Undergrad: 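One structure follows; several queries about it will come next.
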4 protein chains.
Amino acid sequence: MQLGMIGLGRMGANIVRRLMRDGHECVVFDTNPDAVAALVAEGATGADSLDDLAGKLSAPRAAWVMVPASITGKVVDQLAAAFESGDAIIDGGNSNYRDDVRRAAALEKSGIDYIDAGTSGGVFGLERGYCLMIGGPDAAVARLEPIFKTIAPGAGEIERTPGRGGDYAPEEQGYLHCGPSGAGHFVKMVHNGIEYGIMAALAEGLNILHNADAGTREAEHSAEIAPLEEPEFYKFDIETPKVAELWRRGSVISSWLLDLTAAALEENHDLDGLAGRVSDSGEGRWTVKAAVDVGVPAPVLAASLFERFASRDEDHYANQLLSAMRLQFGGHTELPTGDVLEAGGRKTDAQG
Amino acid sequence: MQLGMIGLGRMGANIVRRLMRDGHECVVFDTNPDAVAALVAEGATGADSLDDLAGKLSAPRAAWVMVPASITGKVVDQLAAAFESGDAIIDGGNSNYRDDVRRAAALEKSGIDYIDAGTSGGVFGLERGYCLMIGGPDAAVARLEPIFKTIAPGAGEIERTPGRGGDYAPEEQGYLHCGPSGAGHFVKMVHNGIEYGIMAALAEGLNILHNADAGTREAEHSAEIAPLEEPEFYKFDIETPKVAELWRRGSVISSWLLDLTAAALEENHDLDGLAGRVSDSGEGRWTVKAAVDVGVPAPVLAASLFERFASRDEDHYANQLLSAMRLQFGGHTELPTGDVLEAGGRKTDAQG
Amino acid sequence: MQLGMIGLGRMGANIVRRLMRDGHECVVFDTNPDAVAALVAEGATGADSLDDLAGKLSAPRAAWVMVPASITGKVVDQLAAAFESGDAIIDGGNSNYRDDVRRAAALEKSGIDYIDAGTSGGVFGLERGYCLMIGGPDAAVARLEPIFKTIAPGAGEIERTPGRGGDYAPEEQGYLHCGPSGAGHFVKMVHNGIEYGIMAALAEGLNILHNADAGTREAEHSAEIAPLEEPEFYKFDIETPKVAELWRRGSVISSWLLDLTAAALEENHDLDGLAGRVSDSGEGRWTVKAAVDVGVPAPVLAASLFERFASRDEDHYANQLLSAMRLQFGGHTELPTGDVLEAGGRKTDAQG
Amino acid sequence: MQLGMIGLGRMGANIVRRLMRDGHECVVFDTNPDAVAALVAEGATGADSLDDLAGKLSAPRAAWVMVPASITGKVVDQLAAAFESGDAIIDGGNSNYRDDVRRAAALEKSGIDYIDAGTSGGVFGLERGYCLMIGGPDAAVARLEPIFKTIAPGAGEIERTPGRGGDYAPEEQGYLHCGPSGAGHFVKMVHNGIEYGIMAALAEGLNILHNADAGTREAEHSAEIAPLEEPEFYKFDIETPKVAELWRRGSVISSWLLDLTAAALEENHDLDGLAGRVSDSGEGRWTVKAAVDVGVPAPVLAASLFERFASRDEDHYANQLLSAMRLQFGGHTELPTGDVLEAGGRKTDAQG
């Protein structure tokens with residue numbers, strides 16, 4: 001069938017390619033004309049504005065918006081102005097599901113269906129397909145199922161879950177209508193929250209392995225911190241790139257994120273050039289806030305988010321306060337000179 | 001080559017089967033004669049005691065101990081008494097790596113090599129192979145490499161990590177010599193610590209999805225707890241069994257533990273009959289203690305462990321104390337009657 | 001000066017008493033006429049409606065609203081209808097500071113000043129005074145300073161902070177103008193977030209002491225969980241009521257919450273009748289969400305909140321999932337029977 | 001009565017002073033002769049060796065060891081050699097309670113009583129007294145009660161806990177016999193674990209207040225991190241030094257650690273010169289390990305410990321790994337250049 005695509009970054013462009021390969025017809029638009037031209041060369045119909053795109057689609061229209069979350073609202077509004085009752089707008093970006101709820105309600109008045117499609121897959125999606133978590137009105141989602149089916153990975157060679165049989169259900173093909181508007185991005189949000197947790201579990205564990213030689217570095221220990229007890233048990237020199245590769249085969253924690261970790265460590269054994277200031281997009285934050293709202297504990301997901309904040313030194317003032325309190329214990333009434341080490345060293349003298 | 005196997009539970013027996021399939025010769029012993037007989041019927045040589053097993057192995061002997069961690073020490077000692085210099089004992093169980101360090105040092109005196117082989121794979125290992133994390137002296141580990149190679153999964157159909165080429169390295173075949181005695185179980189310990197973290201990330205995330213309908217259950221909210229804010233954003237009825245299945249295809253969090261989750265939810269949609277009192281074996285605990293020892297943060301791994309403790313109500317006294325403090329805020333000087341709800345309700349009256 | 005008080009629960013009534021003792025004049029209203037009558041008997045002027053209260057106050061009027069957060073909005077609106085430009089409304093309840101920001105903006109149009117006064121002190125406030133965290137327009141807050149000064153504890157006998165001298169600053173007297181509308185409840189919110197953290201630290205620590213005899217209860221340990229290592233180090237029978245009392249004197253952690261803990265344990269040594277289902281009001285939740293919003297780590301505050309959720313079994317589904325995954329490890333393809341214990345026991349047989 | 005004191009650092013010297021003020025007789029030793037001379041000038045009997053000290057004490061002797069934990073074992077051994085059956089050695093330092101258990105067992109053979117006295121109070125102890133948590137044999141602890149009573153703060157002006165009456169119990173006077181050898185340092189260990197948690201709660205909360213102006217700094221937000229949602233709610237410029245002072249009066253979180261915080265912020269409003277690399281002594285670590293051992297959750301105490309580790313960049317490798325995984329998502333196969341910001345920015349393009 002026919003689909004409009006707005007936003008031809010890597011993901012948007014690859015979704016278009018995946019659709020065209022499967023015989024769908026795509027009308028494409030991006031503010032960057034080169035991005036449009038590139039896909040036109042591959043068989044897409046180009047558009048030079050949202051109005052142009054709307055004009056080149058047959059009713060009932062369907063267009064997929066794949067732009068940064070910060071401008072999604074504006075693009076949806078403009079597109080809605082060019083669309084009419086019965087058309088459908090799909091937001092495939094990383095929007096907050098709350099925006100979906102609001103946008104769907106607003107568009108409902110003009111008869112335009114709003115569908116949120118949380119999309120996972122990264123740059124490998126062109127080949128692997130994209131996992132789609134979809135929210136929106138039943139009829140509209142059903143009408144667009146051929147599109148979702150093509151974008152999704154399909155059943156592939158993944159071993160079928162025991163107990164499942166017969167035709168493959170949509171979720172086995174990599175797309176799922178999760179519920180009304182917002183449900184798709186809600187599920188995608190939690191997916192990313194889990195992603196943070198898994199990434200953190202791997203990173204923390206490998207950090208312990210990386211430091212399994214602490215017993216051989218004992219001389220470095222200063223008065224600043226508690227001495228390593230029983231250093232004889234921490235004299236291992238573990239090669240984490242090999243361990244990450246090892247775990248890919250037959251271990252309980254084998255996972256795509258482990259594959260990425262092994263690839264990263266193979267590519268850059270010592271992680272040279274990485275500052276370790278870890279970004280976060282909104283989903284991890286929204287997940288924690290959702291957990292707080294509905295009152296369910298999410299200490300692992302929260303900890304994984306907070307670790308990222310701390311990696312960017314957002315804990316600086318808190319840590320300064322802790323050092324300042326410790327200086328007070330020690331009775332140092334002069335202004336501190338920044339010599340926290342010494343203050344730590346004196347702790348024995350005036351213990352808490 | 002030849003290997004003795006002590007302990008013919010599911011894992012021990014399946015390792016024997018995997019070895020025999022690949023042409024190795026196995027001498028087997030278990031305190032349960034039926035377990036021995038079963039493998040003899042499949043081609044193994046049976047033994048009726050550790051001494052018998054030692055006698056049936058040719059020097060330099062090698063025997064794999066696959067028994068519960070609590071009796072490993074005793075079995076190793078008995079086996080060592082029957083073995084002689086040049087022989088090797090492999091502990092494939094879930095021992096604390098500290099015990100390996102101690103045992104290796106003790107056995108070194110008698111010239112017996114001690115090898116610790118952390119083994120992951122669960123009941124699927126017969127077909128998939130077992131991921132092996134190995135610690136011990138170089139020469140002994142090298143001598144036994146044919147055994148490890150057979151037990152391990154091999155390269156399989158897993159996509160090769162970019163940048164790797166040529167012959168498959170041991171870690172690509174699912175076994176790795178991680179370092180001296182203890183290194184194998186150390187790596188296995190951390191592996192399991194990570195496993196706890198990944199499991200918790202999945203469980204917490206799915207719990208949020210499970211409660212995404214909190215806004216439709218608002219009437220249930222009592223004075224006990226903070227009311228749900230903006231209930232309009234929590235009216236989703238998410239089918240977690242379908243979501244778990246969905247994420248197996250193309251998503252960033254696809255993983256073997258997710259496969260298990262999908263299987264569990266497919267088998268038992270509502271998790272009927274599960275009390276949610278989650279066991280923990282030693283590795284998760286040892287991992288957290290190792291992190292504390294070497295001084296690296298592991299909040300996610302620790303949180304995942306503590307969640308299990310809390311699932312078994314080990315937080316009960318702490319929670320009673322919290323309620324007791326809240327009663328004090330409220331100025332209730334009478335003995336509490338257990339009506340915590342009411343006390344919560346009165347909180348507004350005497351706010352903190 | 002003169003103040004109206006709406007809401008004569010324990011805190012509202014005691015604030016009135018504290019004001020009258022210091023010579024202020026109070027006009028009081030509550031939907032419960034008995035509560036009004038009680039304070040009239042002590043010297044207050046009674047009102048039988050908000051309009052009546054407004055009529056009995058002289059312009060520029062000032063009224064303190066001390067009602068549950070859920071109805072604060074309605075009361076403020078009604079009061080605003082009866083008030084006029086130049087009057088002031090003070091919200092002394094536990095409102096979300098975001099509501100303050102919204103209400104202040106709405107009232108500004110009619111020239112009514114809106115002041116948020118986060119109030120801490122519990123039932124002891126009548127004697128101790130109430131710690132006041134105030135947000136609102138400078139002029140209005142300044143005009144009402146005599147009221148705040150009386151309600152606040154004053155400098156009291158608390159040792160003066162080194163470096164401070166001369167006249168006592170407002171914060172040394174227990175009230176502070178923290179910033180524009182919302183700032184007062186924002187500071188109060190964080191105060192309560194910290195309160196959760198401190199309570200949790202005390203509860204967790206005392207729980208460890210309570211279980212310091214684990215080594216003498218070792219027989220209880222089943223196959224369900226990891227056995228206690230080195231039980232010889234956990235044979236203490238610590239009397240937590242005495243320890244809590246002890247720490248009140250000279251220790252670094254002496255605090256009012258510790259005083260409450262000691263009182264609770266003295267009153268009820270074994271915490272009989274407490275279910276340990278810990279309530280939470282909104283502030284702890286809002287604090288975590290604020291930390292997430294501004295991107296600063298708050299793992300301790302979040303953990304203390306999540307512990308409360310878990311105490312109410314909001315982790316149930318997550319824990320069921322963990323048990324379900326563990327059953328999958330074990331290869332039990334039959335429906336689980338709830339016998340989680342056994343599954344744990346078999347773990348050795350099919351280890352992760 | 002008579003007491004020997006070994007180790008005349010600030011705490012040891014002040015304990016001697018406190019004892020002498022109350023009429024006790026002290027024999028003092030330190031490797032630094034000036035420290036001995038200073039106390040001799042104040043009335044103590046000086047010793048120039050442990051043997052000399054033993055010789056100047058009358059049997060049954062009692063000596064208090066107040067030296068860094070790392071040399072306590074050596075000093076106790078030397079002292080034991082100079083002591084005889086019926087004498088008592090008190091370890092007042094921050095020893096691991098496990099060492100107490102071991103030392104008590106070793107000394108028991110020679111009839112020397114070993115007492116562990118966890119001591120809290122910091123440099124203010126000379127005036128305030130020291131909170132004493134005592135472990136050891138009943139008879140020995142009872143014999144030395146006059147010493148403990150003098151060192152402890154006494155009942156002081158602290159309001160008596162409701163329900164307590166009659167003579168003041170030892171715990172009301174600031175000392176407590178907690179149990180057999182090790183029990184004192186066990187309780188002190190948990191005390192310090194709680195201290196970490198309370199400090200962290202205060203620091204995290206004040207950090208949120210410190211960043212309550214995030215909405216006015218929004219321009220700083222780069223592509224690196226999620227944009228602040230609803231910046232209109234984060235436009236407060238909170239003066240944390242005033243807030244800390246405020247909370248000292250009448251608030252639920254008033255505490256000695258808050259007093260120290262207020263003092264630190266008064267002394268150094270902007271915490272200039274503090275690097276925020278927070279030391280940790282052993283107790284926080286041991287507390288977490290004890291919680292893990294006995295199987296009770298301690299997420300708050302653990303998080304407060306891990307925050308300190310992270311403040312010293314012990315999370316560096318973990319964070320590098322997280323950034324490396326994110327680079328993989330983005331499909332950047334070239335070696336990273338450290339430009340993590342850009343990678344974050346491209347995230348939208350290839351979302352997880």
Side-chain angles (χ1 to χ4, degrees), chain C residues 98 120-121 128-131 153 158 161-164 171-172 174 176 178-179 183 186-187 190 193-195 197-198 200-202 204-205 207-209 211-212 214 233-234 236 238 242-243 245-246 248-256 262-263 266-267 290-291 294 296 298-301 303-304, chain D residues 98 120-121 128-131 153 158 161-164 171-172 174 176 178-179 183 186-187 190 193-195 197-198 200-202 204-205 207-209 211-212 214 233-234 236 238 242-243 245-246 248-256 262-263 266-267 290-291 294 296 298-301 303-304:
Chain C
R98 292 175 173 232
S120 180
R128 285 173 36 131
Y130 298 90
C131 183
I158 293 173
T161 293
R164 284 184 175 269
E171 63 268 23
E172 292 184 278
L176 180 67
C178 300
F186 190 93
V187 172
V190 172
I194 294 172
E195 175 191 317
I198 296 177
L202 289 165
E204 289 182 6
N207 194 22
I208 296 170
L209 292 184
N211 284 280
F233 291 120
Y234 297 101
F236 302 120
I238 310 284
K242 291 186 178 174
V243 170
E245 181 65 36
L246 172 70
R248 296 183 67 216
R249 283 178 178 77
S251 101
V252 168
I253 62 171
S254 58
S255 55
W256 195 54
E266 176 63 25
E267 183 180 305
V294 301
V296 301
V300 161
L301 305 189
S304 66
Chain D
R98 292 175 173 231
S120 179
R128 286 172 38 131
Y130 299 88
C131 182
I158 293 173
T161 294
R164 284 184 175 269
E171 63 268 24
E172 292 184 277
L176 179 68
C178 300
F186 190 92
V187 172
V190 173
I194 294 172
E195 175 192 317
I198 296 178
L202 289 166
E204 289 182 6
N207 193 21
I208 296 171
L209 291 184
N211 285 279
F233 292 120
Y234 297 101
F236 302 120
I238 310 285
K242 290 186 178 175
V243 169
E245 181 64 37
L246 172 71
R248 298 182 66 216
R249 284 179 176 78
S251 101
V252 168
I253 63 171
S254 58
S255 56
W256 195 55
E266 175 63 24
E267 183 181 304
V294 301
V296 300
V300 161
L301 305 189
S304 66

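Note that the coordinates shown come from a computational prediction; the quantities given were computed from them, not determined experimentally. Letters go in sequence order (proteins before strands), and every chain restarts at 1.
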Undergrad: At what distance, to the nearest 0.5 angstrom, does CD of D:Glu245 lie from CD of C:Glu172?
TA: 5.0 Å

Undergrad: Within this structure, what is the CZ-CD distance for the pair C:Arg248 and D:Glu171, rounded to the nearest 0.5 Å?
TA: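 Nearest 0.5 Å value for the CZ-CD distance: 11.0 Å.
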
Undergrad: What closest approach, in Å, do C:Phe186 and D:Ala212 show between heavy atoms, and which atom pair accounts for it?
TA: CE2-CB, 3.5 Å

Undergrad: If you tally heavy-atom pairs under 4.5 Å against chain C, which of D:Gly129, D:Gly163, D:Ser255, D:Ala201 wins?
TA: D:Ala201

Undergrad: With sequence neighbours left out, write down each residue that passes side-chain contact (heavy atoms from CB on, under 4.5 Å) with C:Ala263, or none if nothing qualifies.
TA: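 Counting only residues at least two positions away or on another chain, C:Ala263 forms a side-chain contact (heavy atoms from CB on, under 4.5 Å) with B:Gln328, D:Thr161, D:Pro162.
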
Undergrad: If you measure from CD1 on C:Ile253 to CD1 on D:Ile194, what distance do you get to the nearest 0.5 Å?
TA: 4.5 Å

Undergrad: Has C:Glu204 got a side-chain atom pairing as donor or acceptor with D:Leu301's backbone, closer than 3.5 angstrom?
TA: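 Yes, the answer is positive, given that a donor and an acceptor are paired below the 3.5 Å cut-off.
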
Undergrad: Given that the side chain runs from C-beta out, which part of C:Glu266 has a heavy atom under 4.5 Å from chain D: side chain, backbone, both or neither?
TA: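 Only the side chain of C:Glu266 comes within 4.5 Å of chain D.
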
Undergrad: Measure C:Tyr234 against the heavy atoms of chain D and call it side chain, backbone, both or neither at under 4.5 Å.
TA: side chain

Undergrad: Do you know which of D:Pro153, D:Gly179, D:Gly197, D:Cys178 has the most heavy-atom pairs with chain C at a distance under 4.5 angstrom?
TA: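 Top count of heavy-atom pairs under 4.5 Å with chain C: D:Pro153.
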
Undergrad: Looking only at atom types and distance, does a side-chain atom of C:Ser251 sit under 3.5 Å from a main-chain N or O of D:Ser120, one as donor and one as acceptor?
TA: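 The answer is no, because no donor-acceptor pair under 3.5 Å joins these two groups.
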
Undergrad: Among C:Val187, C:Val294, C:Val296, which residue satisfies the side-chain contact (heavy atoms from CB on, under 4.5 Å) criterion with D:Leu209?
TA: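 So, applying the side-chain contact (heavy atoms from CB on, under 4.5 Å) to D:Leu209 and each of C:Val187, C:Val294, C:Val296, only C:Val187 qualifies.
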
Undergrad: Heavy-atom pairs under 4.5 Å with chain C - which of D:Ala262, D:Ala298, D:Ala291, D:Ala303 has more of them than the others?
TA: D:Ala298

Undergrad: Under a 4.5 Å heavy-atom cut-off, does chain D meet the side chain of C:Arg128, its backbone, both or neither?
TA: side chain

Undergrad: Taking every heavy-atom pair that is under 4.5 Å apart, which of D:Ile208, D:Val243, D:Asn211, D:Ile238 has the most such pairs with chain C?
TA: D:Ile208

Undergrad: Name the member of D:Ala200, D:Gly193, D:Ser254 that forms the most heavy-atom pairs with chain C at distances under 4.5 Å.
TA: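 Looking at each option in turn, the highest pair count goes to D:Ser254.
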
